[in-house]
Amino acid sequence: MAAVTHGRVALRHRLAERGIDRQLLLLGPALLFVATLFVYPFFYGIGLSFQPEQGGPFAAYRSFFSDAYERGTLTTTLGLSLPVALLNVGASVPIAYRMRGRFRGKRLLTTLLVVPITLGTVLTAQGLLNFLGPTGWFNRTLMAAGLVDEPLRLTHNYWGVFFSLVITGFPFAFLLVLSYLSGIDPTLEKAAATLGAGWAQRFRRITLPLLAPGLATTFCLTFVLAFSVFPSAVLVGDPAGETRVISIAAWHAGYEQYDYPKASAIAVVMGLVELAVIAAVLGWRSLLYTGSTGGKG
Amino acid sequence: MTFKQLRLEGVTRRFGGHDALVDLDLTIERGEFIALLGPSGCGKSTALNCLAGLLPLTAGRIWQDDTRLDTLLPEKRGFGMVFQNYALFPHLTVAKNVAFGLQMRRLPSAEIRRRTDEAIALVHLEEQARKLPGQLSGGQQQRVAIARAVVLEPSLVLMDEPLSNLDAKLRLEMRTEIRRLHQALGLTTVYVTHDQEEALSMADRLVVLRNGRVQQVGTPEQLHTQPANRHVADFMGFRNLLPMTVTARTGDEVRVEGGGLALTGTAVGAVRDGDAVVAGVRPESLRLAEDGFPATVEVVEYQGREVAVEVVTDAGQRLHLRTADRPAPGDQVRLGVDPAALLVFPQGDA
Amino acid sequence: MTFKQLRLEGVTRRFGGHDALVDLDLTIERGEFIALLGPSGCGKSTALNCLAGLLPLTAGRIWQDDTRLDTLLPEKRGFGMVFQNYALFPHLTVAKNVAFGLQMRRLPSAEIRRRTDEAIALVHLEEQARKLPGQLSGGQQQRVAIARAVVLEPSLVLMDEPLSNLDAKLRLEMRTEIRRLHQALGLTTVYVTHDQEEALSMADRLVVLRNGRVQQVGTPEQLHTQPANRHVADFMGFRNLLPMTVTARTGDEVRVEGGGLALTGTAVGAVRDGDAVVAGVRPESLRLAEDGFPATVEVVEYQGREVAVEVVTDAGQRLHLRTADRPAPGDQVRLGVDPAALLVFPQGDA
Amino acid sequence: MKTGALVVWGVVAFFFVNLLGVVGSVVVSSFGTTWFDTWLPQGATGQWYGEAWRDFGLLPVLVTTLEVSALVVGISVLIGVPASYVLARRAFPGRRALYLLFLLPILMPPITYGIPLATVLYKYGFAGHLTGVVLANLVPSVPFVILTMTPFIEQIDPAIERAARMCGAGTRQVFVRILAPLLVPGMLAASILVLVRTVGMFELTFLTAGPDSQTLVVALYNSMSAAGIRAQQSVDAMAVIYTGTMLVLLVVALRLVNPTQLVARVKEEDPA
Amino acid sequence: PTKSNPAATANSGVPLGPASAVTLNILDVAGNLQLTQGMIDDFVAAHADTISKVTYSKATAPELAPKVKAQQNAGRVDIDLVLTGVDGLAAGVEQGLWQQLLPAYASRLPGMNSYLPGAAAMQKLAGDFGVTVTYYPSGPLIEYLPAKVPNPPKSADELLAYAKANPGAVQYARPANSGPGRTFLMGLPYLLGDKDPKDPINGWEKTWAYLTELNKYVELYPSSTSETMKSLANGSAKIIATTTGWDINPRVLGQVPKEAKIGSLNGFHWVTDAHYAVVPKGVSVDKQAAILLLLQHMLTPQQQAKAYDKGYFYPGPAVKDVPLSMAPADSQKAITDYGRPEYEQLIAGNPLEVPLDAKALVAAFDKWDREIGGAKVKK
Ligand SMILES: Nc1ncnc2c1ncn2[C@@H]1O[C@H](COP(=O)(O)OP(=O)(O)OP(=O)(O)O)[C@@H](O)[C@H]1O
Ligand SMILES: Nc1ncnc2c1ncn2[C@@H]1O[C@H](COP(=O)(O)OP(=O)(O)OP(=O)(O)O)[C@@H](O)[C@H]1O
Ligand SMILES: [Mg+2]
Ligand SMILES: [Mg+2]
């Protein structure tokens, strides 16, 4: 009997050495969930993309890539989502950094900065159309102030979509960055200060590296949100031209032409491009220190 | 960068309603080695943090010669600090942690390398130089913190219990190194320690704090032999503190009685006939003496060359002594004490 | 819950290529107080963590009587632990930190309250009971960690340098308390400390580690008087370790020469005529003696009752001694040593 | 340093002014009668709200929205946090592949998997009512929680967990008593974001909702882009209702989990 | 439920009435309920034994097919009746989602015999799957404010000339997102005399040339008709494309000043539009029976009169002999106040054309997006 227990124990031991033990069961629910509700439908969708009505398994992909108008949606989308994600994350960092300490009104300010999250695409779109439109308050103010003669065109083009993505994406990024930042032990910055590091150096050399994993995640999520922009690209953009993003192409294929294989193919391309960007970011992240930042220890 | 004098005037720091440091006045001359000493929670770290600029003062000023320091940002003061909890940068290797301050000064990289290597060698961490702090033992982390602070050769070094996690041997060695650096580089050092022996052996002057208030400032010898009050005495190793009553005073010599004992000691401060007092004596000043008072050995603790003995007098008073003899529990002994080694303090002083 | 014996068999832990703990064999009897001792980074914390189940073993087994322990989850072992870096729960007040373990055992809340209050009183933190760890001084945090572990009265208590941040007085007091608890509750304790005095005075048995390997296991007295090799000696306070050569051996008595000195000592281990050896003597065993060899005083360090003196022999050998006399730097002195106090170790042992 | 602060606060102020303009113009419009080429509408009225309320039968829709979002947030946190714990703390073979798998539902537009997912849910009788909507919305939400929470968990010193285990706390208790409170800011952020995404998730909700389980966003999208002529103001009113609901949810969330209890507070005591 | 009366079962399997009262889920993807909800409610009120309860939901046309498809794949259809325009109908036909209702049940829908000619043509377009419930001639029309455009263009060439003279003043919404936009697009081949007005790819040479030219002077193509209406109202556009419904209803709602005028271009053909009722496959026969009864009811003149609404689908009824006077009072008032007498004559005096079929329309959108809307980027 002892020998038997021995063998069992040893196996458990060996597995534990490689990082496999009962704690991995915690992954169970999430895995089960994704496996049952996502994997099958997803592979079904992928499979569909290889089954166009004619032209062999890759026809849907070929037709996407051989058509400059469709292919162009990729650059259009990247041209929109990369700057937006960079701006959202980039702007969140200094603001969140300023908001670490305790000061009066911090709670209010945080809430205010987070509130735009609740606006939703529709209100944002309506608001942008109203506010930035040719006779909206913004242009009225500019004209009344004599800054411009003609109303600026800020809607139904790139900028309209850009602003809407900033309004919906910034609070999102800010909320995450602020929370990640709060997990870093302020003593580390103090230590850096006694070593002669000014705030810029402290930020660059201490805070930023410790924040980087969080920033990478935040960037990925904001990027994904911006990359899959759809309603605002239609509502405040120029859906046939400047802001014909890839999801419009997918929508067009799926819901107007009822060509599901092509829609799936476009969606798969979309996912792959996102994946490439994210892989780059996460790859960079994995080079960084990840671990306790002393904050909660 | 260097200065002649650092003056703390009424430095005070409150946390909420709690006075962590009250009205600290202290002048530190350039080149001095000052030790801050006191029981846990008495405000030592608070004082260091105030000096470093990491905690804003609730009241008071700090002057560096004629410039006011307490309004200056910590990074502008040019001090070095060893934090009690190390505060190592978790994402940088040992070598990079140590090099950090030098890089901030934009020194040439060859010099950075050289000085970093030296500092790492100083604390015997050559083998760990490429590890991250999370991969070090407690004592190794503490040594990184020391190296990180001294590598800068700052005009003032603040050290908060820098040796608390080191073994006796390394501790002795590091003590010597720290003193040596202090002297060789002409540094000024403020050193927090809970270890009176360390304080006595390293510092030029000691500052004893209690409940945020200074109790006594003086040289090691002054503190050791003339503690200003019973609290300092208590802290400086007068482990036997007996409540007694003065029966006679002649000059500094007083006769005290209480707990079935009648002893002769030396008065410290205003002690008058009939006063309730506290008489203090170190364990090592209590001798086994044929002509002394009787007591029974209760506990004997091995401490190497000597043993620590706990005895109870016939009246139930518990006393501690150290001796090279080896009494056994249950033995009847007789104890004596030199009048010079028995200090008599007024009871109620703060 | 309780056990008769805890057996470590070949317990080994590697980090990457680094051997933090190699082949530790140790049997701990119920009720014993074991101290782990050794230089910084030698594997003490690693050993404790392995015992607690917080680090998986690379090799080896741990048995509790007849059940295998090393595959059991830490929370199932029912041990208590004081962490070297405290690891307090930052979001819970002192009282709640201490009560946590009791709550995990689902004790009635009145009992939890009572025991928590007791434990807090034990470490003198009544006033800080409602504070969060971030609002405590270093020593206060350490005391919370102690209270949190002992309140559980676990069958085995693991303590990793639990007193390192406390002042001498409190430290003494806590030592006594810990011993008292150990005895009163019949606990078994494994205690890591860097302080040999602490180890000697508290433990029933000491385990000396070096580079992850056990050097010696024994009672305090054994370790103090008969260190097994030069490393243990070095660590146990034989501060003067002199490379010498054996010129004669008679029984255990050996005659050694080197560095201009010729001395008589006691051999430890295989020492033969002509061998290069290391002769060790404690600072307190070197005496000022008229018939001794001559040396010049270099440094005198005040240490209270005694002074620590550094001298140089005429041949340039540096020696440390402690004495109640007060020589001044520059003085010429003569030193002697008892043959029994001079231990002679083979040079090259691990 | 000073100029840096000024620039940052300046940018923030500029953002707020324009944001106020954006939101304000919708709110003003939703209470306005006709509004042509002027600063403000010609008159004020509440009629659009009444109409929107009646046309879409908003009360049940709001109730459904609340139920769906509460369920989705709750379940995805419950499922997601333990999973992210394992991903953050443990190194085991296949960890990266798993991470990728959890990324996919966020990356892939619902168009790839929406229809088959709805089919599956209909087949087993989940779709067509609340369950289906909740399940469908969990598909992107659970991974979302996992991704946001992983860095938070990495930040926490593992020694604290070990200490809890030494006190006899099992995995569940470590989670509930130690990790959860420390992760509050992260969970709060993740929950808010999941909430926002769920309330705003149109496709999956629509595909799996039955007539009684429509959420607000479905109604809103219809009013916005379904065929038919609607007054601009009535869309604005709907949008304001939508935002108002979200705002209430947000404020409730911020109240329930008071971020000022956070640990970091203690150390933040004094801005350096 | 077992069929209580097998004798009553008509030749093709659907009983004449449900065995017991059913509840219906109606999905509207065309904005049709605004016109017909009154009719349905009326029927339910009167025939609670046939339909006990109706739930309405609304969606956009493109999402219709996926949803129905998902339900049918799973074998659980819970949408019983769909009200849709040409686009949704066609999408379902192509994917075989709809139950074939005609000619089997034509006899049960006598109202279909009295369709207006235009409605009849639209019904033909629908094939055998949908039943036309409302109809209007639509456009293309242009709309302007007389104060700003004293001399509106009268022909396609004049419109182009006007656009040239006033860059940015002419606006139509992106056809894929807008009824008036697509009506304008589909109307152009008739106005310009293109080779094959039903073949946008090969037969619309003149149309594409015209649009390309016009494109030079169009500043933007909003993505909803409402936006063009707003532009008209606030003066940032002077002439926009519209239809009868989009002319009357927005003015009733106060979106566009009441004084706005419409104009037509010489020689235009109406491109008509209609809404259909369709039944997804998989709906139980009992429900189908109820739906047929409901449709029968909806096609009576009394009920059709409700389709006048507030001019949203002006005129609206699909069957003959439904004068405005039969409409509900508020509807009559709105049309009297905001309607235009000239419509009657315009409708009578211009030919009616059915719109492009779904495939061709999508092709036209695609081409428009690529060559007209998308061309803006390169400028
Ligand atoms: N996670 C780790 N990765 C790599 N090396 C480690 C890790 N943890 C510990 N070590 C190494 O293992 C050795 C033993 O560490 P341990 O913490 O047991 O030392 P210790 O005896 O407790 O020392 P101290 O008295 O300084 O606390 C050290 O050299 C340390 O650098
Ligand atoms: N942030 C804080 N909030 C409230 N009280 C505090 C805070 N920081 C320190 N204190 C209190 O101030 C007093 C002094 O703390 P300090 O850290 O200076 O003690 P210390 O002398 O360094 O003690 P130790 O030797 O234990 O480190 C302590 O009683 C502590 O509880
Ligand atoms: Mg301290
Ligand atoms: Mg250790």
Side-chain angles (χ1 to χ4, degrees), chain A residues 18-20 23-24 26-27 29-30 33-34 37-38 41-42 44-45 94-95 98 101-102 116-120 122-123 126-128 130-131 135-138 172 175-176 179-180 182-183 186 190 199 213-214 217 224 228 247 250 254 263-264 267 270-271 274-275 290-293 295-297, chain D residues 1 8 12 19 21-23 25-26 29 37 79-80 82-83 85-86 90-92 101 105-109 111-113 116-117 120 135 139 142 146-148 151-152 154-157 159-160 182 185-186 189 193 196 200 220 224 235-236 239 242-243 246-247 250 262-264 267-268 271-272:
Chain A
R18 306 195 53 201
I20 301 169
Q23 263 192 6
L24 295 194
L26 290 176
L27 278 171
F33 193 84
V34 171
L37 287 183
F38 176 73
F42 172 68
Y44 182 90
I95 297 175
R98 293 251 156 251
R102 266 221 259 183
I117 258 186
T118 62
L119 296 182
V122 175
L123 186 126
Q126 292 287 53
L128 285 172
N130 287 351
F131 178 68
T135 60
W137 289 339
F138 187 76
F172 177 97
L175 185 61
L176 279 179
S179 330
Y180 287 131
S182 77
K190 291 187 181 176
W199 74 267
T217 303
V224 167
S228 55
S247 40
S264 296
M270 195 170 156
E274 286 175 75
L275 209 56
T290 58
S292 161
T293 47
K296 285 148 191 167
Chain D
M1 172 111 189
V8 168
V12 171
L19 189 67
V22 169
V23 178
S25 64
V26 178
S29 162
D37 189 10
I79 297 184
Y85 173 80
V86 176
R90 311 296 308 276
F92 54 91
L101 179 67
I106 300 182
L107 294 188
M108 283 298 159
I111 199 172
T112 39
Y113 62 91
L117 171 63
V120 171
L135 284 175
V139 169
V142 169
I146 294 180
L147 291 195
T148 35
F152 279 110
E154 280 170 353
Q155 282 184 343
I156 293 183
D157 187 351
I160 293 173
L182 291 175
L193 300 178
V196 170
L220 179 61
M224 179 83 181
V235 178
D236 288 344
Y242 173 90
T243 300
M246 296 269 285
L247 199 61
L250 179 76
L262 303 185
V263 184
K267 288 183 176 170
E268 274 173 20

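So that the names make sense, note that chain A is the first sequence line, chain B the second, and so on, each numbered from 1. No hydrogens, no waters, no symmetry mates; every other heavy atom, side chains included, goes into these values.
With rounding to the nearest 0.5 Å, the separation of CZ in A:Phe42 from CG in D:Leu117 is 13.0 Å. Going from atom OG of A:Ser179 over to atom CD of D:Gln155 covers 9.5 Å, rounded to the nearest 0.5 Å.
Note on A:Pro41, A:Pro29, A:Ser228, A:Ala30: by heavy-atom pairs under 4.5 Å with chain D, the leading option is A:Pro41. Contact tally against chain D (heavy-atom pairs below 4.5 Å) for A:Phe138, A:Phe172, A:Phe131: the top residue is A:Phe131. Per-residue heavy-atom pair counts under 4.5 Å with chain A were compared for D:Ala239, D:Pro82, D:Gly21, and the maximum is reached by D:Gly21. Most heavy-atom pairs under 4.5 Å with chain A, from the set D:Gly80, D:Pro105, D:Ala83: that is D:Pro105.
Here the closest heavy-atom approach between residue A:Thr217 and residue D:Leu147 is recorded as CG2-O, 3.3 Å. Considering all non-hydrogen atoms of both residues, D:Glu154 and A:Pro213 come closest at OE1-CB, 4.5 Å. Heavy-atom minimum distance, A:Gln126 versus D:Val26: C-CG2, 3.8 Å. Between D:Tyr85 and A:Leu26, the shortest heavy-atom distance links the atoms CD2-CD1, 3.9 Å.
With a threshold of 4.5 angstrom between heavy atoms, D:Leu247 approaches chain A through its backbone and through its side chain.
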- Task: Show your working on side chain to side chain contact (heavy atoms under 4.5 Å, CB included) between A:Asn130 and D:Asp236 and close with a plain yes or no.
- Result: CA-CA 10 Å; A:Asn130 287 351; D:Asp236 288 344; 3.9 Å; yes
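Under the side chain to side chain contact (heavy atoms under 4.5 Å, CB included) criterion, A:Phe33 pairs with A:Leu37, D:Ile79, D:Leu135, D:Leu138, D:Val139, D:Val142, not counting sequence neighbours. For A:Val224, the side chain to side chain contact (heavy atoms under 4.5 Å, CB included) test picks out A:Glu274, A:Ile278, D:Ile106, D:Leu107, with sequence neighbours left out.
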